[in-house]
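One structure below.
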Amino acid sequence: FVSTTNIDTGQRFPTYILRVGIFKNINTKITIPSLNKVFNIFTKGEQNRTYLYLQKIIKSSSNKIVNQIINDIINTMPTDIWDEKNELFSSDAPMSWEDIDTLFSKNVIIGSHAHNHFIFHQNQSDEDIIEELTVSKQKILDRYKKCEYFCYPNGAIHEISHLSYNSVADNFKLAFTT
């Protein structure tokens, strides 16, 4: 199951950015302007509390808010430091389309995991839900001519909105949750 924007751009997933931005940051505090908050991250305890707090917000907020928080976290360190951290954790990078092509050539079925690794909860807009499903599915169809399966990112069944549940049921043969 692939998140197509991450494959297109190589952009890391929000939880990765959150982990690196807190646990591997060169600063002892970080400012998140979109939340109007400053977090001390000097000690392991402060890091853990900050991570859990921000993770909860990221996993329950609209895609727009998630992107603002992620950009704020990225901006806590210079680009060259982020590049260094990303190189250090290169195994967390998303696969490329060439990687997916190789899997497909070995008869691996490629399914959708949304366009932006989007969490389909009640706080997402109907418009964003539809876009996440249709863009991802279309990109996979364009490349592999088939996209019958979907796996909800962070897919706890009790968190999934009714619209996303119905939209997935209308567009995919089978969907997976955790």
Side-chain angles (χ1 to χ4, degrees), residues 1-26 30-35 51 54-55 57-106 108-121 123-155 164 167-168 171-172 175-176 178:
F1 296 100
V2 297
S3 296
T4 51
T5 196
N6 300 92
I7 296 167
D8 287 344
T9 65
Q11 176 184 346
R12 302 296 180 105
F13 297 100
T15 51
Y16 165 86
I17 294 168
L18 183 59
R19 285 191 309 272
V20 171
I22 293 170
F23 296 109
K24 300 298 180 184
N25 205 304
I26 60 173
I30 58 172
T31 301
I32 309 297
S34 59
L35 297 175
Y51 176 80
L54 291 175
Q55 179 190 43
I57 291 174
I58 284 175
K59 291 188 178 234
S60 63
S61 295
S62 70
N63 213 32
K64 180 181 177 184
I65 293 170
V66 171
N67 289 333
Q68 290 171 339
I69 294 168
I70 292 306
N71 286 331
D72 289 345
I73 291 170
I74 289 170
N75 289 330
T76 65
M77 289 190 286
T79 303
D80 61 326
I81 301 296
W82 270 106
D83 291 344
E84 180 183 304
K85 302 297 181 188
N86 286 338
E87 185 62 34
L88 181 64
F89 300 108
S90 61
S91 64
D92 276 343
M95 291 187 285
S96 67
W97 282 114
E98 291 74 27
D99 296 330
I100 308 292
D101 291 345
T102 299
L103 291 171
F104 184 75
S105 74
K106 305 288 185 194
V108 172
I109 297 169
I110 308 303
S112 174
H113 199 48
H115 185 53
N116 289 292
H117 202 267
F118 178 95
I119 300 176
F120 287 82
H121 52 66
N123 294 328
Q124 303 288 17
S125 74
D126 293 354
E127 186 176 270
D128 286 345
I129 287 170
I130 300 301
E131 182 177 337
E132 285 293 318
L133 293 170
T134 57
V135 169
S136 176
K137 183 174 182 174
Q138 191 59 54
K139 284 181 172 276
I140 295 167
L141 283 171
D142 289 348
R143 196 161 187 117
Y144 304 112
K145 311 300 181 226
K146 198 173 194 180
C147 184
E148 298 179 323
Y149 306 108
F150 180 79
C151 184
Y152 288 94
N154 201 61
S164 61
S167 298
V168 167
N171 286 286
F172 296 93
F176 298 85
T178 55

Heavy-atom closest contact ([X] atom, [Y] atom, distance):
{"X": "Leu133", "Y": "Ser167", "value": "CD1-CB, 3.4 Å"}
{"X": "Ala175", "Y": "Val168", "value": "CB-CG1, 3.5 Å"}
{"X": "Lys146", "Y": "Ile140", "value": "O-CG2, 3.6 Å"}
{"X": "Pro94", "Y": "Phe13", "value": "CB-CE1, 4.3 Å"}
{"X": "Ser62", "Y": "His121", "value": "N-CE1, 4.3 Å"}
{"X": "Ser112", "Y": "Ala114", "value": "OG-N, 3.2 Å"}

For a 4.5 angstrom cut-off between non-hydrogen side-chain atoms, does [X] reach [Y]?
{"X": "Leu18", "Y": "Phe23", "value": "no"}
{"X": "Phe118", "Y": "Val66", "value": "no"}
{"X": "Thr5", "Y": "Val135", "value": "no"}
{"X": "Asn123", "Y": "Ser61", "value": "no"}
{"X": "Thr15", "Y": "Lys59", "value": "yes"}
{"X": "Arg19", "Y": "Phe89", "value": "no"}
{"X": "Ile73", "Y": "Pro14", "value": "no"}
{"X": "Glu148", "Y": "Ile109", "value": "no"}

Measuring from atom [atom1] of [X] to atom [atom2] of [Y], what distance do you get when rounded to the nearest 0.5 angstrom?
{"X": "Asn154", "Y": "Ile58", "atom1": "CG", "atom2": "CD1", "value": "11.0 Å"}
{"X": "Arg12", "Y": "Asn6", "atom1": "CZ", "atom2": "CG", "value": "10.5 Å"}
{"X": "Ser125", "Y": "Glu131", "atom1": "OG", "atom2": "CD", "value": "8.5 Å"}
{"X": "Gln55", "Y": "Ser60", "atom1": "CD", "atom2": "OG", "value": "10.0 Å"}
{"X": "Ile110", "Y": "Ile100", "atom1": "CD1", "atom2": "CD1", "value": "5.5 Å"}
{"X": "Ile17", "Y": "Ile74", "atom1": "CD1", "atom2": "CD1", "value": "4.0 Å"}

Distance to the ring centre below 6.0 angstrom and angle to the axis at most 45 degrees; does that hold for Lys137 and Phe150?
no
Taking atom types as modelled, find out whether [X] and [Y] have a side-chain donor-acceptor pair closer than 3.5 angstrom.
{"X": "Asn25", "Y": "Thr76", "value": "yes"}
{"X": "Asp99", "Y": "Thr102", "value": "no"}
{"X": "Glu132", "Y": "Asn116", "value": "yes"}
{"X": "His113", "Y": "Ser3", "value": "no"}

Could you list the residues that satisfy side chain to side chain donor-acceptor pair (under 3.5 Å) with Asp101, not counting sequence neighbours?
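Applying side chain to side chain donor-acceptor pair (under 3.5 Å) to Asp101 gives Arg143, Tyr144.
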Is there a side chain to side chain donor-acceptor pair (under 3.5 Å) between Asp142 and Gln138? Walk through the geometry before answering.
CA-CA 6 Å; Asp142 289 348; Gln138 191 59 54; 2.6 Å; yes
Using the side chain to side chain contact (heavy atoms under 4.5 Å, CB included) definition, which of the options Met77, Lys24, Glu87 pairs with Trp82?
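That would be Met77.
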Can you list everything that forms a side chain to side chain contact (heavy atoms under 4.5 Å, CB included) with Leu103? Sequence neighbours excluded, please.
Met95, Val108
Under the ring-ring contact (aromatic ring centres under 6.0 Å, His included) test against Phe1, which residue among Phe176, Tyr149, Phe172 passes?
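Looking at Phe176, Tyr149, Phe172, the match for Phe1 under the ring-ring contact (aromatic ring centres under 6.0 Å, His included) is Phe176.
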